[in-house]
Amino acid sequence: MAETVFITGIMGQDGAYLAELMLKQGKRVVGGVRRSSTANDWRLRSLGVHNDVELVDFELLEYSLIHRLLERIQPNRVFNLAAQSFVGASFEQPLFTSDVDAMGPLRMLEVIRAVNPDARFYQASTSELYGKVVETPQSEMTAFYPRSPYAVAKAFAHYMTRNYREAYGMHASAGILFNHESPLRGQEFVTRKITVGLARIANGTQDLLELGNMDAKRDWGHARDYVAGMALMTEQEKADEYVLATGVTTSVRDFVDMAARATGFDLEWSGEGIDETARDRKSGKLLVQVNPAFFRPTEVELLLGDPAKARAQLGWNATTTIEELATEMAEADLRRTRDTDVAF
Ligand code: NDP
Ligand code: GDP
């Protein structure tokens, strides 16, 4: 019988790519979907896998539902990808974020301990744990310094995953994943906000792109590469913790430049701080400006990962450059914004 893989957050970016990968490997894929008045499977559809996965009602806040589900599904592997995943929103919703992102994974671990202790578990940890970084680049050995309610909640989940591995011998791994993007990224995240915004400007349906901190630097990779790393973690003889990253860091400003080129603009920057702007050299039109509303109360200025352990032990590598990523996202959004009927 095919192995059963249960993915929480299957409607999200990583859930969709992971479902695609698991299906390619011949697994039975069951995906947890949170009750919503506008349930939207556009990501699964865009990968052409929406008919091949089994979707079940799922809510990370609901212990007894998770218990009943796992008893019924009897998964061999569980990937806990569901989360309130937007750092910015976590400052406005710290209690909700903690219930979902900290207590949620603990509910999963408790149910697995009770119901299927042999199931392999993956927890979606994050480079946001490094926050106000104590060293660069960041590896599995780097101390955490979380800088948002999101990151603090994810730290709790990270340590719980480690504790269940050590206390109960569970095969529970955590991937400390640096930012990973794709045409399926949510529009609240900066890369996608940039590529959608520029595409809408090119198509005449938006005037201006307003951003926060342009100096922030992130180690951005492609989500498709990163879900392959998650899968590899659950295939190892022993569960462990791994950093997945590209080893290259790029500022928000440089990402804007790359995406603008792929959208057909050539940006000229001027001014500094909140007065910084970018105009298109050809038309002279103002395209980008800073809006302090997008600044965060505490910012993570720089992330740069060292994926040496994943490379050596998992044989994993990021295969997509930042230029390729920006171009793929920009081209996808140019296509989509021309076809306004498509949800994305
Ligand atoms: P997304 O935000 O795209 O997907 C998260 C999914 O979780 C959504 O489908 C969402 O459902 C679901 N969800 C949210 N709250 C609940 C809940 N209470 N119960 C059940 N489901 C819920 O995130 P990504 O795919 O980008 O990320 C996957 C995981 O990896 C997340 O845990 C994220 O924090 C983590 N991560 C992501 C990184 C990245 O760069 N992408 C980097 C490091 C870690 P709905 O569709 O209804 O909103
Ligand atoms: P994060 O690393 O998980 O917080 O991913 P985001 O894509 O949300 O943010 C990456 C960086 O871009 C952060 O340092 C943000 O402060 C910065 N940034 C600058 N302008 C914006 C913006 O308009 N929206 C978002 N989401 N981030 C922005």
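Not measured: the values here are computed from a predicted model.
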(message) Quick one: does any side-chain atom of Asp219 pair with a main-chain N or O of Ala245 as donor and acceptor, under 3.5 Å?
(response) no
(message) Side chains of Asp225 and Thr319 only: does a donor on one sit below 3.5 Å from an acceptor on the other?
(response) yes
(message) For a quick test of reading the model, state the closest non-hydrogen atom pair linking Ala259 to Ile194 and the distance between them.
(response) CB-CG2, 3.9 Å
(request) Looking only at non-hydrogen atoms, find the nearest pair between Thr263 and Leu198 and report the distance. (result) CG2-O, 3.7 Å
(request) State yes or no: are the ring centers of Trp220 and Phe189 separated by less than 6.0 Å? (result) no
(request) Using a strict cut-off of less than 4.0 Å between a Lys/Arg side-chain nitrogen and an Asp/Glu carboxylate oxygen, indicate whether Glu301 and Lys132 qualify as a salt bridge. (result) no
(request) Measure the shortest side-chain to side-chain distance between Asn179 and Glu181 over non-hydrogen atoms and say whether it is less than 4.5 angstrom. (result) yes
(message) Could you check whether Ser182 and Gln13, counting side-chain N and O atoms only, form a donor-acceptor pair closer than 3.5 Å?
(response) yes
(message) Pairing donors with acceptors under 3.5 angstrom, does anything connect the side chains of Arg28 and Thr4?
(response) yes
(message) Please determine whether salt bridge (charged side-chain N to carboxylate O under 4.0 Å, His left out) holds for the pair Glu241 and Arg165, giving the CA-CA distance in whole Å, both sets of side-chain angles, and the decisive distance to 0.1 Å.
(response) CA-CA 11 Å; Glu241 292 156 16; Arg165 180 168 71 239; 2.7 Å; yes
(message) Can you tell whether the side chains of Lys27 and Glu3 come within less than 4.0 Å, N to carboxylate O?
(response) yes
(message) Does Leu286, at its CG atom, have more than 12 non-hydrogen atoms belonging to other residues, nucleotides or ligands within less than 6.0 Å?
(response) yes
(request) Over all heavy atoms of both residues, which pair between Val300 and Gly131 is shortest? Give the atoms and the distance, please. (result) CG1-O, 3.5 Å
(message) Quick one about Glu328 and His222 (side-chain donor to acceptor, distance below 3.5 Å, no hydrogens or angles considered), yes or no?
(response) yes
(message) Is it the case that the side chains of Ser251 and Asp215 hold a donor-acceptor pair, with the cut-off being a distance below 3.5 Å and no angle test?
(response) no
(request) Check the angle between the aromatic planes of Tyr168 and Tyr164 and answer parallel, tilted or perpendicular using the 30° and 60° thresholds. (result) perpendicular
(message) Under 4.0 Å between a side-chain nitrogen and a carboxylate oxygen: does that hold for Glu276 and Arg253?
(response) yes
(request) With the side chain counted from C-beta on, respond yes when Arg281 and Glu268 share a heavy-atom pair under 4.5 Å apart, and no when they do not. (result) yes
(message) Just verifying a value: how many Å separate Leu109 CG and Arg107 CZ, rounded to the nearest 0.5 Å?
(response) 12.0 Å
(request) Would you mind telling me which of Lys217, Met258, Glu323 makes a side chain to side chain contact (heavy atoms under 4.5 Å, CB included) with Thr250? (result) Met258
(message) Using 0.5 Å steps for rounding, measure from the CG atom of Leu65 to the CZ atom of Phe58.
(response) 7.0 Å
(request) Kindly give the heavy-atom pair with the smallest separation between Pro75 and Phe6, and that separation in Å. (result) CB-CB, 3.9 Å
(message) Are the side chains of Leu287 and Leu209 in contact, using a 4.5 Å heavy-atom criterion?
(response) no
(request) State, to 0.1 Å, how close Val227 and Asp14 come at their nearest heavy-atom pair, and which atoms those are. (result) CG1-O, 3.5 Å
(message) For a quick check under 3.5 Å, do Thr142 and Glu135 share a side-chain donor-acceptor pair by atom type?
(response) yes
(request) Look at the side chain of Glu20 and the backbone N and O of Ala16, then say whether any donor-acceptor pair between them is shorter than 3.5 Å. (result) no
(message) If we ignore hydrogens and angles and just use 3.5 Å, is the side chain of Ser90 paired with the main-chain N or O of Val87 as donor and acceptor?
(response) yes
(request) Answer yes or no: is there a side-chain heavy-atom contact under 4.5 Å between Leu177 and Met230? (result) yes
(message) Distance alone, cut at 3.5 Å: any donor-acceptor contact between the side chains of Asp118 and His171?
(response) no
(request) Could you please spell out the steps behind the salt bridge (charged side-chain N to carboxylate O under 4.0 Å, His left out) verdict for Arg338 and Asp333? (result) CA-CA 8 Å; Arg338 276 187 215 121; Asp333 281 324; over 6 Å; no
(request) Check for a donor-acceptor pair, side chain of Glu210 on one end and backbone N or O of Phe294 on the other, with a separation under 3.5 Å. (result) no
(request) Examine the side chains of Asn213 and Arg296 and answer whether a donor and an acceptor come within less than 3.5 Å of each other. (result) no
(message) Are Ile176 and Phe144 packed together at the side-chain level, in the sense that at least one heavy-atom pair is separated by less than 4.5 angstrom?
(response) yes
(message) Could you measure the distance from the CG atom of Leu47 to the CG atom of Leu21? Nearest 0.5 Å is fine.
(response) 11.0 Å
(message) We want to know whether Gln123 and Thr161 form a side-chain donor-acceptor pair, criterion being a heavy-atom distance below 3.5 angstrom.
(response) no
(message) Is a donor from one side chain sitting under 3.5 angstrom from an acceptor on the other, for Asp257 and Trp269?
(response) yes
(request) For the residue pair Trp42 and Leu184, establish whether any side-chain heavy-atom pair is separated by less than 4.5 Å. (result) yes
(message) I'd like to know if the side chain of Glu62 and the backbone of Ser64 have a donor-acceptor N/O pair within less than 3.5 Å.
(response) no
(request) Establish whether Ile201 and Val252 are linked, either directly or via other cluster members, by ILVMFWY side-chain heavy-atom contacts under 4.5 Å. (result) yes
(request) Mind listing the closest non-hydrogen atom pair of Leu334 and Ala202 along with its distance? (result) CD2-CB, 4.0 Å
(message) Distance alone, cut at 3.5 Å: any donor-acceptor contact between the side chains of Asn203 and Thr337?
(response) yes
(request) Mark yes or no: Lys285 above the aromatic ring of Phe265, with NZ or CZ under 6.0 Å from the six-membered ring centre and no more than 45 degrees from the axis. (result) no
(message) I'd like to know if the side chain of Arg279 reaches the main chain of Ser270, judged simply by a donor and an acceptor atom lying under 3.5 Å from each other, with no hydrogens or angles considered.
(response) no
(message) Is there a continuous path of hydrophobic side-chain contacts, each under 4.5 Å between heavy atoms, that joins Val33 to Tyr63?
(response) no
(message) Quick one: does any side-chain atom of Arg147 pair with a main-chain N or O of Thr298 as donor and acceptor, under 3.5 Å?
(response) no
(message) Is it the case that atom CD in Glu272 sees more than 12 heavy atoms from other parts of the structure closer than 6.0 Å?
(response) no
(request) Check the surroundings of atom CG in Asp207: do more than 12 heavy atoms from other residues, nucleotides or ligands lie under 6.0 Å from it? (result) no
(request) Just do the salt bridge (charged side-chain N to carboxylate O under 4.0 Å, His left out) check on Asp240 and Lys309 with the steps written out, would you? (result) CA-CA 11 Å; Asp240 203 343; Lys309 178 177 173 184; 3.2 Å; yes
(message) Before we go on, tell me: are the rings of Tyr145 and Tyr130 under 6.0 Å apart, centre to centre?
(response) no
(message) Using a 3.5 Å distance criterion without hydrogens, assess whether the side chain of Arg185 forms a donor-acceptor pair with backbone atoms of Arg192.
(response) no
(message) Working to the nearest 0.5 angstrom, can you tell me the gap between Gln138 CD and Leu302 CG?
(response) 6.0 Å
(message) What I'd like to find out is whether the side chain of Arg120 reaches to under 4.5 Å of the side chain of Val78, using heavy atoms alone.
(response) no
(message) Testing the 3.5 Å rule here: is there a donor-acceptor pair between the side chains of Arg77 and Thr234?
(response) yes
(request) With the side chain counted from C-beta on, respond yes when Leu303 and Glu128 share a heavy-atom pair under 4.5 Å apart, and no when they do not. (result) yes
(request) Could you tell me whether the side chain of Asp101 and the main chain of Ala153 form a donor-acceptor pair under 3.5 Å? (result) no
(message) Which residue in the set Tyr17, Trp316, Phe178 passes ring pair (Phe, Tyr, Trp, His ring centres under 6.0 Å) when paired with Tyr226?
(response) Trp316
(message) With clusters defined by side-chain heavy atoms of hydrophobic residues (ILVMFWY) lying less than 4.5 Å apart, directly or transitively, does Val100 cluster with Phe91?
(response) no
(message) Between Gln74 (side chain only) and Glu71 (backbone N and O only), is there a donor and an acceptor less than 3.5 Å apart?
(response) yes
(request) Using a strict cut-off of less than 4.0 Å between a Lys/Arg side-chain nitrogen and an Asp/Glu carboxylate oxygen, indicate whether Glu110 and Arg113 qualify as a salt bridge. (result) yes
(request) Report yes or no: do Ile73 and Met22 belong to one cluster of Ile/Leu/Val/Met/Phe/Trp/Tyr joined by side chain heavy-atom distances under 4.5 Å? (result) no
